[in-house]
Amino acid sequence: MHIDTVLQKDLRGKTMIVFDLDGTLTESKSNIEPDMSSALGLLLAKKQVSVIGGGSYAQFEQQLLAHLSCAVDLLKNLFLFPTSGSRLYVYENGWRETYAHTLSLEEKQNIFDAFERVFKEMSYEHPHKVYGDIFEDRGTQIAFSPLGQNVILEIGSERGVALKQEWNKRHDSTRQAIVRSLQQTLPEFEVRAGGLTTIDVTRKGIDKAYGIRQIETLLKIPKSKMLFAGDALYEGGNDYPVFKEGVDAVSVKRPSDTKQLIEALLAY
Ligand SMILES: [Mg+2]
């Protein structure tokens, strides 16, 4: 659903609001802005909130938890699903890992080998300048970032996001082609595009829809009471499985859209 359509709807029945992280609550790999943090704090007083992002738990801590300004007793309403739902953290006097679907060494090697094969087949050339490693082993997920994992760390959020947007504009079709080839080569894994530049690989069946089903079974919330917001709801995007799962999903283009949505939810 387009954001404007959603804002016209009665959202009172939605008790669990599920957000993607990068491109939705924050800019790519950037810290949450103070106004978004306050809005989220107000939302946590009224609703339960889940965040399902492609990044690792450490990334969630850095981008989100370190800048959340809400009262500690509201954190019980917040559920964190790093690495596309392959892990769950709940707050019980501190953040506790509830489950983790870790990849074996062999699975990881298969994934790395498949990337190399696809790069060769497509004559893909890495950019001249990269920032840190292009692959990150997130335990439950392998992430490929063509410009390197440390773009934002090395050149800051503003320049880093601009660089990623520029890459996305020029090379997104290549990224989507890599996703398609990899998925054919790796039928036992899920291959998705996330954020502006990244490709995430997790074990088969482990994607954001899996996260949604965990909310349903572990937290006992029916899908009809969930509302999801994400910036990659297009086919092949890492939010697309949520849409396919039948959850009402709002397509946002940037964090300011998400903030509008939160304000609408707070207005009741
Ligand atoms: Mg995203």
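Remember, it's 1-based here, ligands and their atoms both numbered in the order they're listed.
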Would you say the ring centers of Tyr124 and Phe115 fall short of 6.0 Å from each other? no
Apart from Phe243 itself, its cluster of hydrophobic side chains linked below 4.5 Å comprises Met16, Val18, Ile52, Phe79, Phe81, Leu88, Val90, Tyr99, Ile206, Tyr210, Ile212, Ile215, Leu218, Leu219, Ile221, Met226, Phe228, Leu233, Tyr240, Val242, Val247
Residues passing the side chain to side chain donor-acceptor pair (under 3.5 Å) test with Glu61, sequence neighbours excluded, are none
Taken in chain and number order and not counting sequence neighbours, the residues that satisfy side chain to side chain donor-acceptor pair (under 3.5 Å) with Glu154 are none
Note on the Mg ion (ligand 1): protein N/O/S atoms within less than 2.8 Å are Asp20 OD2, Asp22 O, Asp231 OD1
- Query: Do Lys129 and Tyr131 meet the cation-pi criteria used here (NZ or CZ under 6.0 Å from the six-membered ring centre, within 45° of the axis)?
  - Reply: yes
Here the gap from Leu65 atom CG to Gln59 atom CD, rounded to the nearest 0.5 Å, amounts to 11.5 Å
